Amino acid sequence: MSGAEPLVSNTQQWKYGLLDFSDAKQFLLSWFCMPCQLGQNRAVMAGRKSFTDDIVTDFLPAFLCPICFAVVNREDIRNKYQIPGSTGEDIALLLFCGPCAMSQQTRELTEQGIPAQVFMDVK
């Protein structure tokens, strides 16, 4: 294999755009209860049903340092589903429109078959 051959990757894009507000309830929850949604995303990524199952691991860090926890969550989602991006992009997105990025992450998890919406029944 020569250095000029391109590497083939199985990357995909986010299923929903950053400014896709089609799910207003999800966006509002991300805006008004970000630590809860962050904790919920972390919990379902770890195989738990709710952030209340392990408050110390899933909720407390989201409450104490939401931007740090959100960056780690977003990076984990990107890695799990092979979505291109970088830590720098994640930080910028979360700083300039945290609720938009949170809503996108939650919808991605739900679309991938992991219901992540906190305080809502997912059908």
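Worth saying up front: this structure is predicted, and the values here are computed from it rather than measured.
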[X] versus [Y], closest heavy-atom pair with distance:
X	Y	answer
Cys36	Cys33	SG-SG, 2.6 Å
Pro99	Ser30	O-CB, 3.6 Å
Ala62	Gly39	CB-N, 4.2 Å
Pro84	Gln13	CG-NE2, 3.6 Å

note = Joining Ile, Leu, Val, Met, Phe, Trp and Tyr whenever any side-chain heavy atoms lie under 4.5 Å apart, the cluster holding Val56 also takes in none
Under a 4.5 Å side-chain heavy-atom rule over Ile, Leu, Val, Met, Phe, Trp and Tyr, are [X] and [Y] clustered together?
X	Y	answer
Phe51	Leu64	yes
Val71	Leu95	yes
Ile91	Ile67	yes
Phe32	Leu38	no
Leu109	Ile83	yes

query = Looking at residues at least two apart in the chain, or sitting in another chain, which of them share a salt bridge (Lys or Arg N to Asp or Glu O under 4.0 Å) with Glu108?
reply =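 Expected list: none.
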query = Of all residues at least two apart in sequence or in a different chain, which pass the salt bridge (Lys or Arg N to Asp or Glu O under 4.0 Å) check with Asp54?
reply =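 Here no residue qualifies.
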query = Are Asp90 and Arg74 within salt-bridge range, i.e. N to O under 4.0 Å?
reply = yes
message = Between Arg48 and Thr57, is there a side-chain heavy-atom distance shorter than 4.5 Å?
response =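 In short, these two side chains touch, coming nearer than 4.5 Å.
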ask   = Are Phe69 and Leu94 close enough that some pair of their side-chain heavy atoms sits under 4.5 Å apart?
value =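 No; the side chains remain at least 4.5 Å from each other.
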Atom [atom1] of [X] and atom [atom2] of [Y]: how far apart are they, to the nearest 0.5 Å?
X	Y	atom1	atom2	result
Cys100	Leu19	SG	CG	5.5 Å
Met102	Gln40	CE	CD	10.0 Å
Lys15	Arg107	NZ	CZ	13.0 Å
Arg78	Ser86	CZ	OG	6.5 Å
Cys97	Gln104	SG	CD	10.0 Å

message = Can a side-chain donor-acceptor contact be found between Asn41 and Gln37 if the only test is distance below 3.5 angstrom?
response =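 Judged by distance alone, the side chains do pair up.
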task = Consider only side-chain N and O atoms of Tyr81 and Gln112, and report whether a donor and an acceptor are under 3.5 Å apart.
result = no
message = Which residue is it: Trp31, Phe27, Tyr16? I am looking for the one with a side chain to side chain contact (heavy atoms under 4.5 Å, CB included) to Ser103.
response =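 The single option meeting the side chain to side chain contact (heavy atoms under 4.5 Å, CB included) with Ser103 is Phe27.
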task = Check the pair Lys49, Val44 against side-chain contact (heavy atoms from CB on, under 4.5 Å), reporting the backbone distance first and the verdict last.
result = CA-CA 6 Å; Lys49 290 180 103 175; Val44 299; over 6 Å; no
key: salt bridge (charged side-chain N to carboxylate O under 4.0 Å, His left out), paired with Arg42, selected from Asp58, Asp53, Asp76   =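 Filter result, single survivor: Asp76.
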